Amino acid sequence: MPAVPVLIALGAACAGAGALGGIGGATLLVPVLLALGVDPFLAAPLGMLSVAAGSLAAGSRQLDDGLVHHRLGLSVELFASVGTVIGALASTRVPEVWLARVLGVAALVGAVAAILRKGIRNQPVGIFDDEPVGEWPGTLGGSYVLAGQVVPYRTRHVPLGLGVSVVAGLVSGLAGVGGGFMKTPAMSEVMKVPVKVAAATTTFVSGITAATALLIYAGQGRLEFRAGAAIVVGALIGGAGGARLQSGLDATTVRRITGALLVVVAAIVLGRSL
Amino acid sequence: MNAAPPEPDPPEPDGQAEHPASGFLAARSARYRVPSLGLRAALAAVAVLAAVTVVLPAAIGESVGKVLVAVLVGVPLVRVAWFVVRWFRRGDPKFAMIGFGVLCVVAVGALLA
């Protein structure tokens with residue numbers, strides 16, 4: 001296991017890049033830990049601690065901004081958490097080489113998602129300016145504020161989106177990544193929810209995914225508390241820094257850089273596991 | 001008879017008109033004041049606990065680290081429970097049941113581990 005200062009720096013760098021690129025820090029962190037020679041059985045819980053810290057750090061601000069669709073998030077998470085439980089329970093029986101391969105492929109999928117993510121789909125509709133902003137009770141629709149204008153949206157292709165969520169949960173439980181790189185595209189590209197709402201909702205549900213997996217990892221005796229705390233310190237610092245930088249940088253460029261980083265990481269992890 | 005010139009419109013704050021959505025955002029923020037404050041408090045607690053775990057000697061630090069993980073695990077579950085209760089009370093049982101289902105899956109996972 002790397003020294004505490006190295007873990008803090010890694011946690012900060014990965015959380016910062018993850019926040020900038022909108023793909024989550026653990027997607028970068030866990031493959032990097034593997035590349036540094038950390039056992040996958042210990043790296044996955046560290047990744048989940050990073051996810052939990054990131055979700056908590058963003059929670060209050062996203063709640064105030066009205067971006068999180070809790071009903072959609074919990075609907076997605078009901079299916080994803082089943083996958084997470086199965087993945088986390090199975091992870092002790094899957095050979096290390098295969099765990100590393102799952103992580104490598106997950107990093108590649110994250111890279112593709114980061115590079116291909118699209119911009120704004122839903123447009124402001126003036127007649128909604130007098131309607132309440134946020135999720136609409138009893139439905140999977142809602143509205144949010146974009147550049148001072150109200151943008152309504154509704155969710156489509158729900159069964160397909162929920163199916164992708166099960167797979168995302170399975171990968172999360174197996175590999176210790178938040179699964180945001182799959183859940184956000186599932187919501188935005190499959191379920192046609194605005195990217196900002198999808199990303200905020202994913203951050204919310206990733207906290208639940210992390211809680212589920214951490215409970216299971218704790219039961220399996222896989223938590224390294226000191227190393228985990230170092231990662232949490234780094235994740236809080238890096239997440240805050242990344243969120244501040246995000247507003248001043250071109251998000252598309254940063255996402256592409258992050259995607260390129262993930263390709264490199266995936267190549268290293270997959271190369272070591274072959 | 002000369003008519004009095006019309007009064008000029010009063011200046012908007014900072015020279016910009018306030019958008020109707022800003023009022024709804026403020027109302028929403030007030031509606032979620034309790035969970036928002038709770039999340040801020042939990043974040044502060046996590047930051048302190050994580051720093052203490054790193055700084056203290058391993059034996060004591062590990063105990064604090066367990067509390068840190070407990071907070072990180074507990075906060076999202078309490079947040080879900082808050083919404084389940086809220087939706088049941090406000091007549092949205094379908095999504096309240098979905099939230100309850102999520103909590104059940106988490107509990108089953110913890111028991112199986």
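So that the names make sense, note that chain A is the first sequence line, chain B the second, and so on, each numbered from 1. Everything quoted here is computed from the prediction, not taken from an experiment. Any value given below was found using the heavy atoms of this structure, including those in side chains, with hydrogens, waters and symmetry copies removed.
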**OP:** Let me know if L56(B) has heavy atoms under 4.5 Å from chain A in its side chain, its backbone, both or neither.
**Re:** backbone

Original post:
What residue in A51(B), A70(B), G109(B) has the most heavy-atom pairs under 4.5 Å with chain A?
Top reply: G109(B)

Subject >> Heavy-atom closest pair, residues P57(B) and R226(A) >> reply: C-NH1, 4.4 Å

Original post:
What are the two closest heavy atoms between S81(A) and V105(B), and how far apart are they?
Top reply: OG-CG1, 3.4 Å

Original post:
What option among L37(B), V75(B), V52(B), V69(B) has the most heavy-atom pairs under 4.5 Å with chain A?
Top reply: V69(B)

Subject >> Part of V82(A) within contact of chain B (heavy atom distance under 4.5 Å) >> reply: both

Subject >> Toward chain B: residues of residues 229-237 of chain A with heavy atoms under 4.5 Å >> reply: A229(A), A230(A), V232(A), V233(A), L236(A)

Subject >> Partners passing ring pair (Phe, Tyr, Trp, His ring centres under 6.0 Å) against F83(B) (at least two apart in sequence or in another chain) >> reply: H70(A), Y32(B), W87(B)

Subject >> For the student: nearest non-hydrogen atoms of F95(B) and T139(A), plus distance >> reply: CE1-N, 3.7 Å

**OP:** Not counting sequence neighbours, which residues clear side chain to side chain contact (heavy atoms under 4.5 Å, CB included) with S206(A)? List them please.
**Re:** V51(A), T202(A)

Subject >> Minimum heavy-atom distance R71(A)-D92(B), with the two atoms named >> reply: NE-OD2, 2.6 Å

Subject >> Side-chain heavy-atom pair P35(B), L63(A) within 4.5 angstrom cut-off >> reply: yes

Original post:
What part of L112(B) is in contact with chain A, defined as an atom under 4.5 angstrom from a non-hydrogen atom: side chain, backbone, both or neither?
Top reply: both

**OP:** Name the region of I98(B), side chain, backbone, both or neither, that has any atom closer than 4.5 Å to a heavy atom of chain A.
**Re:** both

**OP:** Against chain A, work out which of A42(B), G38(B), P76(B), G61(B) has the most heavy-atom pairs shorter than 4.5 Å and name it.
**Re:** P76(B)

**OP:** Against chain B, work out which of A52(A), G138(A), G207(A) has the most heavy-atom pairs shorter than 4.5 Å and name it.
**Re:** G138(A)

**OP:** Could you tell me whether F100(B) atom CZ has more than 12 heavy atoms of other residues or ligands within 6.0 Å of it?
**Re:** no

**OP:** Considering only heavy atoms, give the residues of residues 210-217 of chain A separated from chain B by less than 4.5 Å, sorted numerically, with 'none' for an empty result.
**Re:** A211(A), T212(A), L214(A), L215(A), I216(A)

**OP:** Sort out for me which of V64(B), L49(B), V106(B) touches chain A most, counting heavy-atom pairs under 4.5 Å.
**Re:** V106(B)

Original post:
At their closest point, which heavy atom of L72(B) faces which heavy atom of L56(A), and how far apart are they?
Top reply: CD2-CD2, 4.2 Å

Subject >> Closest-packed option against chain A by number of heavy-atom pairs under 4.5 Å, given K94(B), R79(B), R40(B) >> reply: R79(B)

